[in-house]
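Read the structure below first, then the notes.
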Protein chains: 2
Amino acid sequence: MNEAQAVSALGALAHAQRLRVFRSLVVAGPEGLTPSVLADQLDVARNALSFHLKELAHAGLVTIEQQGRNLIYRADFSQMNGLLGYLTEHCCQGSTCEVSDSSSACTSC
Amino acid sequence: MNEAQAVSALGALAHAQRLRVFRSLVVAGPEGLTPSVLADQLDVARNALSFHLKELAHAGLVTIEQQGRNLIYRADFSQMNGLLGYLTEHCCQGSTCEVSDSSSACTSC
DNA sequence: CCATTGATTCAATAATTGATGTATTATTGA
DNA sequence: TCAATAATACATCAATTATTGAATCAATGG
């Protein structure tokens, strides 16, 4: 994960509808979802959804697989983890983070 | 962390200069940095930097403390961890994630 | 082959965001 | 109070991004 990839991924997620789409795909897990299901689930117009899915795919956050006449979209967890790692690496100069909860997100501390 | 906060935070980070600023603050840790130091370090015009810091502050990603005539900016790690948690919660419907590395970002799997 | 359904692409408009220069506020020290 | 410095606020123009509707492409089944 480099800076350009991170900016691209963050930009793709910095939109309410796309964030909902992505989170739906994250929740769906390895099974993935089709655009039809997503459109029904999130109440988004299909062409708008198509546009947003393309944005997410372009940022590398989702993968596409064709099955017959349906497409299966899946969240790309390795890319996601790369992004999370990019955001937190080298943090706090080796000292402990001031985190209040038990989240392990700040792994390099 | 709700959706609006997440979108705001992601939008704030989805910009190369702001991402650099934020990562510098993350690396600086609890000590924080002043706008002057950041401007020198990143070679950004001071008024542009001020604008970007305001964006980050508005998204809740950085905190501001005044010390005499200087301001100290710090990354807000609790907000950051909230964002990371928001992105990954409920993922994969309880099944294991398809992560290739040893990152622990996907904590709810 | 043709009708139907799933999905995408295109083009025009509307809206948001970014960069830049200037002006303003606030603090320090004499 | 005055000068100098740190930092922000504002206004403007340029550029990017989002939305919408219509048209197009592709696959399935009769």
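As the structure is a prediction and not an experimental result, all values here were calculated from the model. Side chains are part of it too, since the values below use all heavy atoms of this structure and drop only hydrogens, waters and symmetry mates.
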Distance test, side-chain N/O of R46(A) to OP1/OP2 of dT5(C), below 4.0 Å =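 The answer is no; no side-chain N or O of R46(A) sits under 4.0 Å from OP1 or OP2.
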Length of the [atom1]-[atom2] vector between [X] and [N], whole Å:
| X | N | atom1 | atom2 | value |
| --- | --- | --- | --- | --- |
| H15(A) | dA15(C) | NE2 | C1' | 11 Å |
| H58(A) | dT9(C) | NE2 | P | 12 Å |
| N47(A) | dT5(C) | CG | P | 18 Å |
| Q66(B) | dT25(C) | CD | C1' | 11 Å |
| Y73(A) | dG6(C) | OH | C1' | 11 Å |
| L49(B) | dG18(C) | CG | C1' | 15 Å |
| L13(B) | dT17(C) | CG | P | 15 Å |

Say whether, by atom type as modelled, one donor and one acceptor occur between the side chain of Q79(A) and the main chain of D76(A) under 3.5 angstrom.
->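 Here the side-chain-to-backbone pair does not exist.
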Within one Ile-Leu-Val-Met-Phe-Trp-Tyr cluster: [X] and [Y], side-chain cutoff 4.5 Å:
| X | Y | result |
| --- | --- | --- |
| L49(A) | I64(A) | yes |
| Y86(B) | L61(A) | yes |
| M80(A) | M1(A) | yes |

Want to settle it: does A45(A) or G68(A) sit nearer the 5' end of DNA chain D, counting the closest nucleotide to each?
->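 The 5'-side residue here is A45(A).
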Please state whether the base of dT28(C) and the side chain of R69(B) form at least one donor-acceptor pair under 3.5 Å?
->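 Check fails, no donor-acceptor contact within cut-off.
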To check you understand the geometry: which heavy-atom pair defines the closest contact between [X] and [Y], and what is its length?
| X | Y | result |
| --- | --- | --- |
| R46(A) | D40(A) | NH2-OD1, 3.6 Å |
| L33(A) | A28(A) | CG-CB, 3.7 Å |
| V44(B) | Q17(B) | CG2-NE2, 4.0 Å |

Among residues two or more places apart or on two chains, list those pairs meeting salt bridge (Lys or Arg N to Asp or Glu O under 4.0 Å) that have a residue in residues 4-14 of chain B.
->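 Checked against salt bridge (Lys or Arg N to Asp or Glu O under 4.0 Å) - neighbours excluded - no pair reaches residues 4-14 of chain B.
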Quick one: which residue pairs count as a salt bridge (Lys or Arg N to Asp or Glu O under 4.0 Å) with a foot in residues 6-22 of chain A, not counting sequence neighbours?
->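 Sorted pair list: R20(A)-E3(B).
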What pairs with R69(B) under salt bridge (Lys or Arg N to Asp or Glu O under 4.0 Å), at least two apart in sequence or on another chain?
->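 Salt bridge (Lys or Arg N to Asp or Glu O under 4.0 Å) list for R69(B), sorted by chain: empty.
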Please check if atom CG in D43(B) has more than 12 non-hydrogen atoms from other residues, nucleotides or ligands closer than 6.0 Å.
->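 Open.
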Using the heavy-atom set of chain B and a strict 4.0 Å cut-off, write down the first and last nucleotide of DNA chain D that makes it in, 5' to 3'.
->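 Here the contact window of chain B covers dT5(D) to dA9(D).
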For DNA chain D, the residues among residues 32-43 of chain B that have a non-hydrogen atom under 4.0 Å from it |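 The stretch gives T34(B), P35(B), S36(B) as the residues lying under 4.0 Å from the strand, ordered by number.
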F51(B) has a side chain; which of dG6(C), dG18(C), dT8(C) sits nearest to it?
->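 Nearest nucleotide to the side chain: dG18(C).
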Could you give me the stems involving DNA chain C, meaning stretches of three or more consecutive Watson-Crick or G-U wobble pairs whose two defining distances are both below 3.5 Å?
->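 Listed by first number, the stems are C:1-30 with D:1-30.
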